[in-house]
Amino acid sequence: RISTDNYQAGQMAAEAVLEAEWEELKVGIVNFDENSQNGQEREQGFRDASAESERVRIIDSINVISTTEEAKNGTSQMLKEHPDINVIVTFNEWTSLGVGYAIEELRLGEDVTVVAFDSNVVSVGMLETGEVDALIVQNPYAMGYLGVEYAYDLINGIKLKETEVYTSTTLVTKENMFEPECQRALFSF
């Protein structure tokens with residue numbers, strides 16, 4: 001298995017939340033399919049790490065179908081029901097985009113801190129314009145590269161040194177997004 005350490009990535013999201021300026025962090029969680037091990041591990045890592053801070057209070061948590069539209073609608077509904085939420089955490093590319101679109105549509109970029117996952121041209125744009133405040137960026141290039149390398153070794157009878165490999169994750173914010181390490185994470189080519 002070659003993947004992100006999802007629990008650790010969730011903890012990284014909690015670290016990013018704790019950097020938010022708000023004295024009390026009233027958190028809404030927008031996760032994807034509740035049957036997804038990746039999403040549940042990320043959420044558990046986030047919950048465990050954020051529970052260590054008295055500043056964090058989880059107000060609401062929803063699971064949506066992993067589409068931009070479902071995440072946007074779920075986020076909008078959550079914010080209407082709980083206007084005191086000042087932080088939203090979300091755990092994959094499609095929910096990240098949906099949350100960002102909801103924040104943009106509701107004009108809440110100044111009022112809600114968003115910590116999201118993954119990157120593409122749109123989410124990087126949202127980071128620049130303020131709908132998203134932090135991205136936890138995985139390393140899909142390394143996953144693919146190592147996957148091919150390990151498959152080659154197995155086909156050729158070479159014993160694997162390890163059967164579980166975690167690739168890197170990087171916390172990218174508007175402040176550090178142009179640093180070389182972050183640029184490599186955002187734009188792997």
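Note that the coordinates shown come from a computational prediction; the quantities given were computed from them, not determined experimentally.
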Which atom pair, heavy atoms only, marks the closest approach of [X] to [Y]?
| X | Y | result |
| --- | --- | --- |
| Gly39 | Asn31 | O-ND2, 3.0 Å |
| Asp118 | Glu93 | OD2-N, 3.0 Å |
| Ser96 | Ala116 | OG-CB, 3.2 Å |
| Ser119 | Val137 | OG-CG1, 3.9 Å |
| Met12 | Ile136 | CG-CD1, 3.7 Å |
| Ser123 | Leu97 | N-CD2, 3.8 Å |

*asked:* Donor-acceptor pair, distance only, cut-off 3.5 Å: does the side chain of Ser76 make one with the backbone of Asn73?
replied: no

*Within the side chain of Asn86, is there an N or O that forms a donor-acceptor pair under 3.5 Å with the backbone of Val112?*
no

With rounding to the nearest 0.5 angstrom, report the [atom1] to [atom2] distance, [X] to [Y].
| X | Y | atom1 | atom2 | value |
| --- | --- | --- | --- | --- |
| Ile65 | Thr95 | CD1 | OG1 | 13.0 Å |
| Lys174 | Thr129 | NZ | OG1 | 7.5 Å |
| Met78 | Asp60 | CE | CG | 4.5 Å |
| Glu70 | Asp33 | CD | CG | 12.0 Å |
| Thr90 | Phe32 | OG1 | CZ | 8.5 Å |
| Asn35 | Asn63 | CG | CG | 9.0 Å |

Quick one: side chain to side chain donor-acceptor pair (under 3.5 Å) partners of [X], sequence neighbours excluded?
| X | value |
| --- | --- |
| Gln77 | Glu81 |
| Asn6 | Asn38, Arg42 |
| Glu54 | none |
| Thr68 | none |

*Considering only heavy atoms from C-beta outward, does the side chain of Trp94 approach that of Val64 to under 4.5 Å?*
no

*Heavy atoms, side chains only, cut-off 4.5 Å: are Val27 and Ser50 in contact?*
no

*asked:* Between Thr169 and Asp5, does the side chain to side chain contact (heavy atoms under 4.5 Å, CB included) criterion hold? Intermediate values first, please.
replied: CA-CA 8 Å; Thr169 52; Asp5 181 338; over 6 Å; no

*Any side-chain hydrogen bond (donor to acceptor under 3.5 Å, both in side chains) pairs touching residues 150-159, not counting sequence neighbours?*
Tyr150-Glu162

_Considering only residues two or more places apart or on different chains, which pairs with a residue in residues 15-25 satisfy side-chain hydrogen bond (donor to acceptor under 3.5 Å, both in side chains)?_
Trp22-Thr113, Glu24-Arg57

*Identify, with sequence neighbours excluded, every residue that meets salt bridge (charged side-chain N to carboxylate O under 4.0 Å, His left out) alongside Glu105.*
Lys72

*Determine, stepwise, if the pair Met126 / Tyr101 fulfils side chain to side chain contact (heavy atoms under 4.5 Å, CB included).*
CA-CA 9 Å; Met126 289 177 173; Tyr101 287 136; 3.5 Å; yes

Please identify each residue that fulfils side-chain contact (heavy atoms from CB on, under 4.5 Å) with [X], with sequence neighbours left out.
| X | result |
| --- | --- |
| Ala134 | Ala16, Val115, Leu171, Thr173 |
| Ser61 | Ile29, Glu43, Arg47 |
| Gln11 | Tyr7, Gln8, Ala49 |
| Leu154 | Leu160 |

*Phe117: what forms a ring pair (Phe, Tyr, Trp, His ring centres under 6.0 Å) with it, not counting sequence neighbours?*
Phe91

*So Ile103 and Leu79, side chain to side chain contact (heavy atoms under 4.5 Å, CB included) or not? Walk me through it.*
CA-CA 9 Å; Ile103 295 298; Leu79 289 168; 4.0 Å; yes

